Protein chains: 2
Amino acid sequence: MNISSRFAVAIHILTILEMNKAGVSTSDYIAESVNTNPVVIRRIVGMLSKAGLVEVKPGVAGARLAKLPSEITLLDIYHAVHVVQEDSLFGIHENSDTKCPVGKHIQSAVVPVFSAAQRAMENKLQEVNLEEIVGTIQASAGGILSE
Amino acid sequence: MNISSRFAVAIHILTILEMNKAGVSTSDYIAESVNTNPVVIRRIVGMLSKAGLVEVKPGVAGARLAKLPSEITLLDIYHAVHVVQEDSLFGIHENSDTKCPVGKHIQSAVVPVFSAAQRAMENKLQEVNLEEIVGTIQASAGGILSE
DNA sequence: CTAACCTGTAATCATTATAGTTACAGGACG
DNA sequence: CGTCCTGTAACTATAATGATTACAGGTTAG
């Protein structure tokens, strides 16, 4: 199991929007860098748009960031693309036998731990914003011959 | 997406082994509390056995903990049942276009953040052991009429 | 105004993981 | 020896993912 690459691709898309803000970033253009189908890009951009991270208009070429890169955290992106439902990173088995004390109480014993673990992960995502990702890439690409 | 309920079921199983250590916990017995098929239980017990958390012998009824409950963390269980591959909680898109600076460097910019987030989550799991889970359940079930 | 281009979205498909189930081989033990 | 148990293979249904084709409808340059 792993969290859908939709999340990683969404970060990729937003990074392109920022680094190509002088140009026009169409879904075809982005799809080429990500190396996937333009429809996949449009679907994800649609989610980012609904979350208010991006501005797009039907018919009008290109998408733009709706906020400053420093105002967009990875947690915002993660929530925007719905890769994990609210408070359900960990699947639970629903139908335990309530006649057994373990079956009856296992969920209430385990759920708080799962929630805490999920929150710890999400807090890490909140600590990083798009500006930092872009900065890291520019530092890497800044060398000779854009290596 | 979410992490397979195999993890939650594994915790359930180990809790039963501890709380029923006076009796014999066969896969049929456990399956009744979890409310699933005995084969599902045997599969998970097999993984717990390979990880050294549980002792079982073919033909001999029942499984037993191979360690003290205080020595088994939720992280041990999580690793035992292989619900998440090593360092790959977050899926990444493999084939970015390396001719684009973003495509070329996005992974190295994002992977450290993903790793840190995953570690933060796993650290929370390491902070809780089976003894604490059992204690919580016994406290809940300790009331009148085992409510 | 229309042709070219873009976004939005439905529909389909292959792939993969999960969870449940049946079936059966082989060990253990009264 | 017969019964019960574990270990597994095999099959099923279900769901999520990612890629793709197709097309409706908005926008704009010429």
Side-chain angles (χ1 to χ4, degrees), chain A residues 1-10 12-13 17 20 23-51 54-64 66 81-85 88-97, chain B residues 1-10 12-13 17 20 23-51 54-64 66 81-85 88-97:
Chain A
M1 168 324 291
N2 58 26
I3 290 173
S4 166
S5 69
R6 197 160 68 238
F7 178 34
V9 172
H12 191 149
I13 292 171
L17 294 191
N20 186 43
V24 178
S25 301
T26 65
S27 58
D28 273 69
Y29 172 83
I30 300 169
E32 206 164 315
S33 171
V34 176
N35 195 31
T36 183
N37 194 288
V39 174
V40 173
I41 302 298
R42 290 205 286 274
R43 271 202 290 250
I44 296 174
V45 168
M47 294 186 192
L48 297 171
S49 169
K50 274 181 191 153
V54 143
E55 282 171 0
V56 247
K57 284 174 195 159
V60 180
R64 290 177 331 194
V81 294
H82 300 106
V83 282
V84 171
Q85 312 289 91
S88 66
L89 174 61
F90 295 89
I92 55 176
H93 184 83
E94 302 286 352
N95 315 312
S96 296
D97 181 2
Chain B
M1 154 349 275
N2 57 29
I3 291 173
S4 166
S5 67
R6 197 159 67 236
F7 178 34
V9 172
H12 191 149
I13 291 171
L17 295 190
N20 186 42
V24 178
S25 301
T26 65
S27 58
D28 272 67
Y29 173 83
I30 300 169
E32 205 164 316
S33 171
V34 176
N35 195 29
T36 184
N37 193 289
V39 174
V40 173
I41 301 300
R42 290 204 287 272
R43 272 202 290 248
I44 296 174
V45 168
M47 294 185 191
L48 297 171
S49 168
K50 274 183 189 151
V54 143
E55 283 171 0
V56 246
K57 284 175 193 158
V60 179
R64 290 178 330 195
V81 295
H82 300 107
V83 281
V84 171
Q85 313 288 92
S88 66
L89 174 60
F90 295 89
I92 55 177
H93 184 83
E94 302 286 353
N95 316 312
S96 295
D97 181 2

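Keep in mind that what you see is a predicted model, and the values were worked out from it rather than measured. The chains referred to below are lettered A, B, ... by the order of the sequence lines, with proteins before strands, and numbering in each begins at 1.
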**Request:** Determine the contact category for B:Arg43: base if any of its heavy atoms lies under 4.0 Å from a base atom, sugar-phosphate if only primed atoms, P, OP1 or OP2 are that close, otherwise nothing.
**Result:** base
**Asked** Tell me: CD of B:Gln85 to P of C:dA17, nearest whole Å?
**Response** 8 Å
**Asked** With a 4.0 Å cut-off on heavy atoms, is A:His82 in touch with a base, just the backbone sugar-phosphate, or nothing at all?
**Response** nothing
**Request:** For D:dG18, take OP1 and OP2 only and decide whether either is under 4.0 Å from a side-chain N or O of A:Ser4.
**Result:** yes
**Prompt:** Starting at CG of A:Asn2 and ending at C1' of D:dA15, how long is that distance when rounded to a whole Å?
**Reply:** 15 Å
**Prompt:** When you check every protein heavy atom under 4.0 Å of nucleotides 23-30 of chain C, what one-letter string (B, S, -) results, 5' to 3'?
**Reply:** B---BS--
**Request:** Using a 4.5 Å cut-off on heavy atoms from C-beta on, say whether the side chain of B:Val84 contacts that of A:Asn2.
**Result:** no
**For atom CD1 of A:Ile44 and atom P of C:dT9, their distance in whole Å** = 15 Å
**Message:** Looking at C:dT7, I'd like to know if its phosphate oxygens (OP1 or OP2) sit under 4.0 Å from a side-chain N or O belonging to A:Thr26.
**Reply:** no
**Message:** Students often get this wrong, so: under 4.0 angstrom with heavy atoms, is B:Gly91 touching a base, only sugar-phosphate, or nothing?
**Reply:** nothing
**Asked** Just by modelled atom types, is the A:Leu17 backbone N or O under 3.5 Å from a matching donor or acceptor in the A:Arg64 side chain?
**Response** no
**Asked** With sugar-phosphate meaning primed atoms plus P, OP1 and OP2, does B:Val40 contact a base, only sugar-phosphate, or nothing at under 4.0 Å between heavy atoms?
**Response** base
**Message:** Expressed as a whole number of angstroms, how long is the span from A:Met47:CE to C:dG8:C1'?
**Reply:** 13 Å
**Minimum heavy-atom distance B:Ala61-B:Thr26, with the two atoms named** = CB-CG2, 3.9 Å
**Complete:** By nearest-heavy-atom nucleotide on DNA chain D, the more 5' of B:Ala61 and B:Asn95 is B:Ala61
**Message:** Within the 3.5 Å criterion, strictly below it, is a donor on B:Ser33 or A:Asp97 matched to an acceptor on the partner's side chain?
**Reply:** no
**Asked** Atom CZ of A:Phe90 and atom P of C:dT18: how far apart are they, to the nearest Å?
**Response** 14 Å
**Request:** Could you tell me whether the side chain of B:Asn35 and the main chain of A:Asn95 form a donor-acceptor pair under 3.5 Å?
**Result:** yes
**Asked** Between atom CG in B:Asn35 and atom C1' in C:dT21, what is the gap in whole Å?
**Response** 14 Å
**B:Thr36 and A:His93: CA distance, side-chain angles, deciding distance, side-chain hydrogen bond (donor to acceptor under 3.5 Å, both in side chains) verdict** = CA-CA 9 Å; B:Thr36 184; A:His93 184 83; 5.1 Å; no
**Message:** Quick one, A:Ile3 and B:Met1 - any side-chain contact, counting heavy atoms below 4.5 Å?
**Reply:** yes
**Fill in**
From CD1 of A:Ile30 across to P of C:dT7 the rounded distance in Å is 8 Å
**Per B:Asn37 side chain, nearest of listed nucleotides C:dT22, D:dT21, C:dA19** = C:dT22
**Request:** Return the value, rounded to whole Å, for the distance between atom CD1 of A:Ile92 and atom P of C:dT18.
**Result:** 17 Å
